[in-house]
Protein chains: 2
Amino acid sequence: MSEATVYPRADVTVDMVVFGLDPDHDRLVVLLIKRAQASQPFDGYWALPGGFIAMEESLEASARRTLEREAGLTLSYLEQLYTFGDPQRDPRGRVISVAYLGLVRPEEVSIHADHPATADVRWWAVDDVPELAFDHTHLLETAHRRLQTKVSWQPIGVDLLPEAFTLSDLQRVYEIILGRSLDKRNFRRKIMGFDVLVPLDQYRQDGHRPAQLFRFDSERYTELLDKGLAFEL
Amino acid sequence: MSEATVYPRADVTVDMVVFGLDPDHDRLVVLLIKRAQASQPFDGYWALPGGFIAMEESLEASARRTLEREAGLTLSYLEQLYTFGDPQRDPRGRVISVAYLGLVRPEEVSIHADHPATADVRWWAVDDVPELAFDHTHLLETAHRRLQTKVSWQPIGVDLLPEAFTLSDLQRVYEIILGRSLDKRNFRRKIMGFDVLVPLDQYRQDGHRPAQLFRFDSERYTELLDKGLAFEL
DNA sequence: TCAAAAGTGTTTCGGGTACACCCATGT
DNA sequence: ACATGGGTGTACCCGAAACACTTTTGA
């Protein structure tokens, strides 16, 4: 509620916790950026991608732009996570960070999968990240928890998969995120009961019995929500 | 992630959505402040209490201080709600608002219950608030929804009541917040099953059969959470 | 004695969970 | 023929929801 103000102002940044799936589809990965050797503090540390907000754009637009600029990525899902404003979180001064949680499809993950050892932008397995700059380890943990709870009442698992996917793919996503195995029959019954997956006229052929491919029907999902029906697990 | 920066900076404020209970214990109320007639824009409109963050204090501390300063209130519950950063939300310039959701006990509500018609700080029934300044109607709706969902999996209903309360008091709180009536026997069984209410050696006498008073045992509740047990409804 | 709120158990129903076998394909 | 993942149905159990009467007090 600013009257013409004389208050000193904090910097406002957006930090991004972007999750994807390993090419092997068996681990959750997160996008990190290596800070330049010359940039004090935390030089050489890995950190979450982020950047200053622009004056004329919304926070969400800042989030998407930042990611486009720093990693050339397009998100399939984006939600605001939390705002971190501890006065000590950045040693250089008061920086308030609005953190966002993002998800990408596998095509996007492959963008930085090339030279993992040397590149300064790369995907890291979530349970094997190095020590991060600033309070970013804390942000990452917060995002991971949020993903785990959210996935069980919103079908955001599909945003980690290609447009067309099999039920086993989807189950694997849930198992990876939740960190426990699920019963195949119960999972299928549950998911199909929501009536938000539509079968395609395609099957995946991979040396075994072909698997039915589905796509997520987001209109149907919106209908469901409006009707007050809850997606659960 | 600021390097020594040349970016223009946005203002950062904290806006507070503080809920309480009507003295009659039958409505949810929210604290509003009337903007001075001279303060463009939205002069004379009612608005949520709020203020600029101080450079050396945390966001949460800013929230509590703001409320203390503008209304002399002490909160029994406080949580970050969401950060609103639409470039157009304040016509005077870029203002990013970190919104907080707060709850107060009935003693605090009575502070501004005196001369409701004339005072410039007063409690309003949530489903009867006037048109608010800025995007505050939107903030209020967001907070109200959050309260409704949160109350069903965290026992924050107790933060709207005095230290000592009866089971009927607590049930009424839930009914007011959720907007529907609950079965008395099921409610009691459920609540007592969590083992977080301890009976006091006191009864409330109000012209009818005396009612057992309880207090909320927050240590026990923390234990529960650690054991992974979930409070539900 | 009446009005008003406090307090108390049992039955029913539905969803969650556990569980094992056959099918289609490629090698 | 065999290995690999795809696909399907049923029984049990527990927690949620529905439901009505007795008790205690003040007026």
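Each chain gets a letter, A, B and so on, in the order its sequence line appears, and its residues count up from 1. Please read these numbers as outputs of a predicted model, since none were measured by experiment.
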Nearest-Å distance, [atom1] ([X]) to [atom2] ([N])?
{"X": "Gln171(B)", "N": "dG7(C)", "atom1": "CD", "atom2": "C1'", "value": "12 Å"}
{"X": "Met192(A)", "N": "dG9(D)", "atom1": "CE", "atom2": "P", "value": "13 Å"}
{"X": "Ile191(A)", "N": "dG7(D)", "atom1": "CD1", "atom2": "C1'", "value": "16 Å"}
{"X": "Gln205(A)", "N": "dT27(C)", "atom1": "CD", "atom2": "P", "value": "11 Å"}
{"X": "Arg204(B)", "N": "dG7(C)", "atom1": "CZ", "atom2": "C1'", "value": "15 Å"}
{"X": "Tyr203(A)", "N": "dG7(D)", "atom1": "OH", "atom2": "C1'", "value": "11 Å"}
{"X": "Phe165(B)", "N": "dA6(C)", "atom1": "CZ", "atom2": "P", "value": "14 Å"}
{"X": "Leu182(B)", "N": "dA6(C)", "atom1": "CG", "atom2": "P", "value": "15 Å"}

| query | Mind checking whether Trp124(A) and Trp46(A) have parallel, tilted or perpendicular rings, split at 30° and 60°? | reply | perpendicular

| Ser168(B) side chain N/O closer than 4.0 Å to the phosphate oxygens (OP1, OP2) of dA5(C)? |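 Indeed not, no polar side-chain atom of Ser168(B) lies that close.
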
| said: Whether Arg188(B) contacts dG7(C) is assessed here as follows: a side-chain N or O lying under 4.0 Å from the phosphate OP1 or OP2. Is that the case? | reply: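 Answer yes for this pair, as a side-chain N or O of Arg188(B) is under 4.0 Å from OP1 or OP2.
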
| Test item: side-chain donor near acceptor, Ser181(A) and Arg172(A), under 3.5 Å |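 No - no donor-acceptor pair under 3.5 Å links their side chains.
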
| said: Judged by each residue's nearest nucleotide on DNA chain D, which is more toward the 5′ side, Ala211(A) or Asn186(A)? | reply: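 This one resolves to Ala211(A).
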
| field | Under 3.5 Å: donor-acceptor pair, side chain of Arg35(B), backbone of Gly44(B) | value |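 Pair absent, no side-chain N/O of Arg35(B) close to backbone of Gly44(B).
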
Can you tell me which nucleotide in [options] comes closest to the side chain of [X]?
{"X": "Arg185(B)", "options": "dC19(C), dT8(C), dA5(C)", "value": "dT8(C)"}
{"X": "Lys184(B)", "options": "dT8(D), dT8(C), dT25(D)", "value": "dT8(C)"}
{"X": "His208(A)", "options": "dT8(D), dT4(D), dT24(D)", "value": "dT4(D)"}

| field | Between Tyr82(B) and Phe84(B), ring centroids under 6.0 Å | value | yes

| Lys190(A) near the nucleic acid: base, sugar-phosphate alone, or nothing, with a heavy-atom cut-off under 4.0 Å? | sugar-phosphate

| note | By nearest-heavy-atom nucleotide on DNA chain C, the more 5' of Arg189(B) and Thr166(B) is Thr166(B)

| query | Between Arg27(A) and Asp128(A), is the closest basic N to carboxylate O distance under 4.0 Å? | reply | no

